[in-house]
Structure formats: C-alpha cells, structure tokens
Amino acid sequence: MPDQKYDHLAVEEKWLQKWEASQLFCGGDLSLSEAEAKDKEYLLYAFAYPSGSGLHVGHVEPKTALDIQARFKRMLGKKVFFPVGWDAFGLPAENYAIKTGIHPKQTTKTAIDTFRGQVKRLAISYDWSKEIATNHPEYYRWTQWIFQKLYQKGLAYQGEGKVNWCPSCQTVLANEQVVNGLCERCDSQVIQKDLKQWYFKITSYQDELIDGLEQVDWPNPTKQQQINWIGRSKGLSIDFNLAETKQKLTVWTKFHETVFGTTFLVIAPEKFLEMQLEEQVPTDRKSTVQAYLDQAFKKTEEERKIGEKDKTGVDTGLLVINPVNGQRVPLYIADYVLMNVGTGIVMGVPAHDERDFAFAKKYGLGIKQVVSYADQALNDAVAKGEKPFEGEGVLVNSAQFDGLDAWGEGKKAMAEWMIEAGFAKWQTTYKLRDWLISRQRYWGAPIPVVYDPEGQAHLVKEEHLPWLLPEDVDFKPTGESPLRSSKEFHERVERLYGKGWTPEYDTMDTFVDSSWYYLRYCAARDHEQFADKKVLATWMPVNLYLIGPEHIVLHLLYSRFFTKFLRDEGYLDLPSGEPFAKMRHQGMILGPDGRKMSKSKGNVINPDEIIKEYGADTLRVYEMFMGPLEADKPWNPRAVAGVARFLRKTYRLLTLEIAKYQAGSLKMAENRQELLQKLHWAIQKLTVDLPELKYNTAIAALMELSNVFEKMSSEQVHLLDKTEIVDYIKLLAPLAPFMAEELYEQSRVLGLAAQKSVHLESWPKFDQAFLLEANTNLIIQVNGKVREQLSWPTEALADKEAILSHVRGLASMQKWLADKSIKKEIYVLGKVVNLVVV
RNA sequence: GCCGAGAUGGCGGAAUUGGUAGACGCGUAGGUCUCAAAAACCUAUGAAGGCAACUUCAUGAGGGUUCGAUUCCCUCUCCCGGCACCA
C-alpha cells in the first residue's frame, strides 16, 4: 500500500505552479449570451487597502468564504465572475512617506505585490486578468470622469462653511469620518474650520437611498443602520412671527399637538446670524447677545456636547407670536438647538420636553401643561412644573382641541386646522448631509478642476484626463495641500490653460475611488469608457457582496449613490440602481485570548506561519469551521491541529481506496450501506449548506463522513466504487482545493477523471434512495417527556392507529400507564407519539 | 436615552414552519501501539443521585401559551454594535 504521508508544502507548491501555468480561472470573456447570462454569478469582496504589514488572518476568512462560493458555483455550471483589486490610495502610505521619504507609489507597489503573492498562496480563484488598483491613472481617470459628470449635473459643487478638520492628519473629514468628535483614523480631537470645499450632493438621492433597501437581500440590522443614518423624519413646520416686524420664524416639530404649551422659542446661534436678526435686538440687550454669540462660536463640537447638561442661552429681548393663540413668547438663542436639525428653530414646550424643561427652569420661563395623564401622581407633577413628560394623554389648555386624545384624534385634528389656517405644513427632514470629498492630502486622485485668473472653477478638459497626480511634491504637512509644492503641476496648468490659471490642489476622499470599483471590474482594461454598458447589463447587480461590518454606513451609501447617478445618466442599465443584490458580513477573527488581535497585545496569528506548519487547505478549512461566518470568533491553536488531522485522515483513506484498485482484484465490502448513506447525506448537506454560507456545518458533515469511513477502513475489500471515490474528492474541492486536486490527479488511474482539474468538474449529485431508511425512529412521550423509542417501517408511518395501539401495548410503557387513564393521544407523522395521561 | 443583535457543557459551536438539547471540533480521563515518547487509533465525557436498570435537573432570570418550548408571547438582567441635546 502507498505512502500515506501528506506533504502539504510539496503538494501545495506543485499545484500553485501548475495552476499559474494553466491560468485556470483567468481571462474569462465577460460578454455572455442571453442564455448564459441567466446563470451569471458576480462575487465580490470589498477590495482591500494594501497595508505594509501584509495579509492578516482576518483577511483570509472573507476571501476564502467567497472563493468556496466561486468554486462551488463553477462546479454547478454557473458563469462565475470573481475579480480582485486594490484600494490603493490612502493615508497610511502617505504617512509612511512623510516619515521615511519613500514615495507612496513605491510602498504601494511593494505592498500590492506582497498581498498578491499571499492571496495566490491561499488559492483564491480570482480572475487576475481583471486586476485593478485605484492609484493607477487608467483607474482614476474614470474616477475623475465621474466627478465631471456629477459637476455637469450640479451634483458636485463648491461650498463654504464649517468643516471638520483633523489637526493631526492636516485634512478635512466627512461627517461620517468623525467618531465621537475624534478623527476616525488617528483619534485626534477634530476641530471646526471655515473652508471652501467640494461636495457631492448625495442628499438629492436620500429618499431613494432609503426606499431602494426594500429591493435588496441584506442583513436587516445593516439596512436599519443605513435608514437611521439618513434619518428621514416626518414632522410639521409651523410659522411663528416676530411681534414687531412680522418676520417669519419657522419651527419644525414632531410633536405639534403640544404647540399650545409653547412658552418660548429657541434659535440656533448660526441660524440667528443667517437670518440677520441681530439688528432687531433692543439696544439694551445688544452687548449681552453679542457676547453670547462670540462664546458660542468659540466652542468646538466637543465642548458643545460636554455642555449637554448645562444648557446656556440668552434672551434676545424679541417677542414672537404663537399663531395658534396669539400669545407673545420670548425668543432665546441657545446652542443646544442645532443648526442642521429641522429648521434650526425650536418651540419651547417645557411641560413636555426634557431639554426645554431644563432650559425653562434655568431661565425662569413659564411652564404650561397641555397634555393630561391618567396617572394622577404624574399628572400632578407635570401640572406643578416639577417634571416634564412625553406620553399618551388627553389635550388640555388647547382651546377647541381640549379633551381629544393627544396622539390620536387631537394630533390629527390640530394638524389639519393649522394647515388649513395657512401657518403650518408637513415637512420631512433628514440627518444626511452632502458628502464632503476634498482632502488636503497627496495620495489620492486629483480633483479635475482648474481656476481661471479670476478664480472661477472650470473642469479639466476631457482630453486631459487622466489628470495626473504630480510626483514632485513635498509630503511634509503644512496645513495646505501638498500638491501646492509641485512645480510641474503649476507649469502643466499654465501650459494647457494659459497664464494665471491655477490647479485645484485638493485630492478626492478615497471613498470616491471605492464607490464604483465593482463597475470598473467589468471593463478593467477598457481605455475608451469607464465600463461597457452591455457588459454591465449582463453582470450587474453583484450577486453576493461580502464586506466587514465597518463599511455599513459610508461605503455602501456612497456606492449606491454613484450607481443610481450613473443609471440616471444612462450609463448603467439597472432599474433598481442597487449595485449589491445580496450582501453578508464576515465577523472578526479574535486572538486566542478572545480579544481583538493587535501587535501590542501580542496575540496576532500570522497566516504565513499557519500555512507553513499545516498548509493553506488547513488554514482555509479551519477558518470556515470556527463558527458562523458573521460571528466574531476567537482563534484556537489546538482546533487548527484538529482540522489538520481531519484533512490528513481524509487524504489517507482516499489514497488507500484508490490504491486498492491498482493492487488487484478485491471484492466490494458486503455491508457498506452506512457509508453510502453518509456519503449521499454529506453530498446533500453540502449542496444545501454551501450556498447559504453555512460552512461550519458543511465541514462538520465531511468530518462525520470521514469518521464513518475510517471506522470501516479495510485493506481487504473496496469500500467505495470508482465513481463514489471521485464524488467524494469533488466534495472536498471548494473547501480544500489543493488536497482535492492532488487526490483527483491520483484518481486518474481509475479512468474516470475527465477534466484537467477537479475544479472544472461538475458537482456530484446525491441519490434520494440512500437517504430514506427502511425504518424510522419514533419518539414516544408520556406527558411530553421522552420515555421510549420505536423503530417503525417507514412505509407504514401513516398508519396512526397501528402505531398507537402498538405503543399502548409495549411492556416498557406499562409503568407509565398503570393506574392512569389516557386523556389524549398525539401522533406527529414520522416524528413523535405523545400520550397525555392523568 | 433611542435603534439593532445576542446569551446553549470546561471552550468554539449544532439543532427553530414548536417534536430525542448538546451534531462536529477542542479540552479532559482511561486504553491500544511503543524500550520510551511523539504521531495515529479506540472508549468515555452536560450536572446530580444510583452497583445497575434508571431517575431528576438543565439552553441568562422569572412568568405565559401548548400534549410538548432553546424555538412563540410578556417582564427583567447582562453583554456587544450603532446613533445620540434629532425638537
């Protein structure tokens, strides 16, 4: 019998070379016939930033998970598109350049080369002929082209205003990149700064960005988070007028039924300036108001948050008329009212809002109850002005609406009345802001804009795209864009556009690059257009997108916006405008100590070392076996060895089985029913589990199969016929591609291996006949407790009476039935008998 | 505070149109092989009681619905993710 030792390094190196030479999955033609297109399968992994530290075990999980999908779907006969690329622009390479002086172009290239080698070593079956990198001019040329299309439609614009500024990264940040007032990247305190910046008008798609979610198969929490981020909220805007000048002050509220309880109005400091109300402030209050405004604008975002409990404000001395009852109430400025929520003006109803209550207490403002509650103690407290309450109740002090249900009839009637009277209307507000895309950084795609001597912005002419990133720059951060230091950049602009013309010095947020890469995959080498409309129509949307939960808000929102825009411009034939039909998230691989892996904690597992010790197959199968794909899971070094043991065992048993056919004429084992059953059960289990990404249970099934196989192992008789051996090998192919390929090659002696690679084979079919057993095990319960088991002929399972009378007569049942009477008998077909006795 | 997800042996986890809780793997104990070790294999392994057959308890806590609940409903506790002075 043969040498049973499996030399994982030799075997894996051998197949890496052979696969590379045969370009197994590369260079697929993307134009499909209509019939083929029905079977298309576009699999996408969120392309990685090629960091200098190389591949992490955390990268292995999603890549492997999708690779298994790709291999499995190919074996099912699907047309699989599984591309790869690099999100290569970004801060780390630039920061490294600042430190070392090495050009980001160089470090990025080196990092990509490292990643590519490591990914290939894992046998991820990408189509490398479509590989892209966002820092390549042939890629960012089209990023710039999309910018120009947005500009031409008025969806890219320059705006001046307060922006988030990270003093450490020396750049502005999008709202989405500020986490708890800190820079998402370096944790520095973010400050507010006035700057003229470029924005994309994502808000013009805000409704569709919510509604489109109904058409995609995404995890519900993810959808919910997107919806919350956009923050659509329906409310009523109500016009109050200044008593003197009748100037309109519009408030927005979701609780308009409490409008009779308004005892003051509060306006955000920014809004106060914007409406130029300071001129109307009575002379005796002017200096006080000005002092408050000055200190309010000095506060950073963070300071405003710290002040949460201690509400500050100032009386403007102006009075406002409540349109519902003509009452005059004071107007205050307070920074607890936010400029970008609603209209920036709030009606103060201290009896029914905690913040208004705190403010009213502090400044001695009136408190007026307009909703009465059933709980008398609570009602008394609200009436006495001891505490505010928001809840279900009956309207009081509200003129003709008294006695109506506050959240029902009252709310409805009052809205109708105010709208009819002409001082209110329904208004939907959103939390989503336009997307700020300017970055004062070097390593990104230049914004394709130039300025004439008068300072007017013009698009760079299309024939000048790609608008190349200059290379002669000083990386040292100065608070200004590094591109300013490029001599070549200035000369280029003057040469092409004329004397006195200047370039835009800012580059684009890298999220712009990654918002359309899945479209570029479909035309990776196209020099004429960003993508081919017909090819896009064939392959979009992506069938399965696997990304980390950290991308839920930013990347997905931006990508969906781009897709919808390109659809509207006629570049993309995709009615839904939804690029990702189905999405799932991978969890995090934690260190053996259950904590997030990090160098400082010393709990980092290096994938290269696992490959060296056990092989890439073991690494792949182990990571898939750890638990559900979406869960965070701790690494267990012992369990890796267990998976290696399982794979070696499977290899040993199958090589032995193949060798027996070479050894001479042996008989087939007499009683191998259990093994055949298990084999067909495993085929069925994998066929069901793999498309659902339930890899942990699929692998458990293969383990069960190998356990039965091993138990019966014999050198004297055959356990499997030739077809069964090859089917078994095919089952392993998506999960352990190296070992399966090696076994498949060995099985060539059986005369059945039809293809040059097992990965080009078709998926095995299971036979129902093996899954049905002659007898079925029934559970016998008494009062719901399991007391007995019964093996009953499967074909006679429908005969309820026979089963019940048999159960009643069982000797072993008598101790449960003696002295009792049967009240009820339950039989669930083929599963359970339950006797209810008293 | 609001939105969302979750809690099952010593550990990772399996099982839900309600029907044998703990598949599979790790760990642990005992054994086979060996001069010995490693490797490999075999057996046992939720807890408690019992010589045993077996019995009772057990899926974060408490209640409910049901012949029967890890699964459905209500209340609570704890942990995780996100948002948050959102009017």
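All chains are named by letter (A, B, ...) in the order of the sequence lines, taking the proteins before the strands, and each is independently numbered beginning at 1. Values in this document were obtained by computation on a predicted structure and should not be read as measured data.
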In this structure, is the centre-to-centre distance between the rings of [Y] and [X] below 6.0 Å?
{"X": "A:W426", "Y": "A:H256", "value": "yes"}
{"X": "A:F264", "Y": "A:F359", "value": "yes"}
{"X": "A:F709", "Y": "A:Y728", "value": "yes"}

Taking only the side-chain heavy atoms of [X] (C-beta and beyond), determine which of [options] contains the nearest atom.
{"X": "A:N834", "options": "B:C86, B:A14, B:C67", "answer": "B:C67"}
{"X": "A:K254", "options": "B:U55, B:C24, B:C86", "answer": "B:C86"}
{"X": "A:T697", "options": "B:G12, B:A5, B:A15", "answer": "B:A15"}
{"X": "A:R638", "options": "B:C67, B:C86, B:G27", "answer": "B:G27"}
{"X": "A:D335", "options": "B:C85, B:A14, B:C67", "answer": "B:C85"}
{"X": "A:K785", "options": "B:C3, B:C85, B:C57", "answer": "B:C57"}
{"X": "A:I779", "options": "B:G19, B:U20, B:C83", "answer": "B:U20"}
{"X": "A:W252", "options": "B:A87, B:C85, B:A14", "answer": "B:A87"}
{"X": "A:K815", "options": "B:U55, B:A87, B:G25", "answer": "B:U55"}

| message | Salt bridge or not between A:E825 and A:K800? Use side-chain N to carboxylate O under 4.0 Å. | response |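 Salt bridge absent between A:E825 and A:K800.
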| request: Flag the pair A:R584 and A:D217 as a salt bridge only when some basic side-chain nitrogen lies within less than 4.0 angstrom of an acidic carboxylate oxygen. | output: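 Here A:R584 pairs with A:D217 in a salt bridge, since their nearest N and O are under 4.0 Å apart.
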| said: Would you say that more than 12 heavy atoms from the other residues, nucleotides or ligands in this model lie under 6.0 Å from the NZ of A:K362, or not? | reply: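 Yes, the 6.0 Å shell around NZ holds more than 12 heavy atoms from other groups.
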In whole angstrom, give me the gap between the [atom1] atoms of [N] and [M].
{"N": "B:G46", "M": "B:G9", "atom1": "P", "answer": "13 Å"}
{"N": "B:C26", "M": "B:A14", "atom1": "C1'", "answer": "15 Å"}
{"N": "B:A44", "M": "B:G22", "atom1": "P", "answer": "15 Å"}
{"N": "B:C33", "M": "B:C42", "atom1": "C1'", "answer": "11 Å"}
{"N": "B:G68", "M": "B:A21", "atom1": "P", "answer": "14 Å"}
{"N": "B:U65", "M": "B:U45", "atom1": "P", "answer": "37 Å"}
{"N": "B:A58", "M": "B:A47", "atom1": "P", "answer": "16 Å"}
{"N": "B:G19", "M": "B:A53", "atom1": "C1'", "answer": "26 Å"}

| task | Would you mind telling me which residue lines up with the more 5' stretch of RNA chain B, A:V346 or A:Q224, judged by nearest nucleotide? | result |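 The 5'-side residue here is A:Q224.
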| field | Along RNA chain B (nearest heavy atom to each residue), the more 5'-positioned of A:S233 and A:K824 | value |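 The residue whose closest nucleotide sits nearer the 5' end is A:K824.
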| message | For A:E392, give me all partners under salt bridge (charged side-chain N to carboxylate O under 4.0 Å, His left out), at least two apart in sequence or on another chain. | response |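 None.
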| How would you list, by chain and number, every residue that makes a salt bridge (charged side-chain N to carboxylate O under 4.0 Å, His left out) with A:K815, sequence neighbours excluded? |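 If we apply the salt bridge (charged side-chain N to carboxylate O under 4.0 Å, His left out) test to A:K815, skipping adjacent residues, there are no hits.
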| query | What pair of heavy atoms forms the shortest contact from A:Q295 to A:T312, and how long is it? | reply |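 That closest heavy-atom pairing would be NE2-OG1, 4.5 Å.
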| query | If you look at every heavy atom in A:K649 and A:S706, which pair is closest and at what distance? | reply |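 Closest pair (atom of A:K649, atom of A:S706, distance): CE-OG, 3.7 Å.
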Rounded to the nearest angstrom, tell me the gap between atom [atom1] in [X] and atom [atom2] in [N].
{"X": "A:Y695", "N": "B:A14", "atom1": "OH", "atom2": "P", "value": "15 Å"}
{"X": "A:E630", "N": "B:G81", "atom1": "CD", "atom2": "P", "value": "17 Å"}
{"X": "A:D632", "N": "B:C11", "atom1": "CG", "atom2": "C1'", "value": "17 Å"}
{"X": "A:E390", "N": "B:C86", "atom1": "CD", "atom2": "C1'", "value": "12 Å"}

| message | Donor-acceptor check, side chain of A:D239 to backbone of A:T250, threshold 3.5 angstrom: yes or no? | response |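 Not a single qualifying donor-acceptor pair exists.
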NA contact type, [X], heavy-atom cut-off 4.0 Å: base, sugar-phosphate, or nothing?
{"X": "A:R787", "value": "sugar-phosphate"}
{"X": "A:K831", "value": "sugar-phosphate"}
{"X": "A:G642", "value": "sugar-phosphate"}
{"X": "A:V836", "value": "sugar-phosphate"}
{"X": "A:V786", "value": "sugar-phosphate"}
{"X": "A:P219", "value": "nothing"}
{"X": "A:Q225", "value": "sugar-phosphate"}

| query | Do A:I552 and A:P221 have side-chain heavy atoms sitting under 4.5 Å apart? | reply |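 Counting from C-beta outward, A:I552 and A:P221 never come under 4.5 Å.
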| query | How are the rings of A:F511 and A:Y558 set relative to one another: parallel (under 30°), tilted (30 to 60°) or perpendicular (over 60°)? | reply |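 Judged by the thresholds at 30° and 60°, the geometry between A:F511 and A:Y558 is perpendicular.
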| field | Geometric class of the A:Y6/A:Y651 ring pair [parallel <30°, tilted 30-60°, perpendicular >60°] | value |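 Tilted, since the angle between the ring planes falls between 30° and 60°.
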| query | Looking only at side-chain N and O atoms, does A:K633 come under 4.0 Å of OP1 or OP2 in B:G12? | reply |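 Answer no for this pair, as no side-chain N or O of A:K633 is under 4.0 Å from OP1 or OP2.
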| query | At under 4.0 Å, does any side-chain N or O of A:N696 touch on OP1 or OP2 of B:A14? | reply |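 So the side-chain polar atoms of A:N696 do come within 4.0 Å of the phosphate oxygens OP1 or OP2 of B:A14, strictly under.
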| request: If the glycosidic angle is within 90 degrees of 0 it's syn, otherwise anti, so just tell me which one B:G31 is. | output: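 Classified anti.
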Table of protein N/O atoms under 3.5 Å from nucleotides 38-44 of chain B N/O atoms:
residue, atom, partner, partner atom, Å
B:A40, OP1, A:R645, NE, 3.2
B:A40, OP1, A:R648, NH2, 3.2

| Ignoring hydrogens and angles, does a donor from either the side chain of A:K311 or the base of B:C85 sit under 3.5 Å from an acceptor on the other? |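 Counting by modelled atom types and ignoring angles, a donor-acceptor contact under 3.5 Å is found here.
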| message | Under 3.5 Å for both pairing distances: what stems, at least three Watson-Crick or G-U pairs long, include RNA chain B? | response |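 The stems that RNA chain B takes part in, listed by first number, are B:1-4 with B:80-83, B:10-12 with B:24-26, B:27-32 with B:40-45, B:46-49 with B:54-57, B:60-64 with B:72-76.
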| said: Near RNA chain B, counting only heavy atoms under 4.0 Å, which residues of residues 679-693 of chain A show up? | reply: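 Contacts with RNA chain B under 4.0 Å: none.
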| said: Tell me which pairs pass side chain to side chain donor-acceptor pair (under 3.5 Å) where either residue lies in residues 620-629 of chain A, with sequence neighbours left out. | reply: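 Pairs touching residues 620-629 of chain A that pass the test: A:D67-A:R620.
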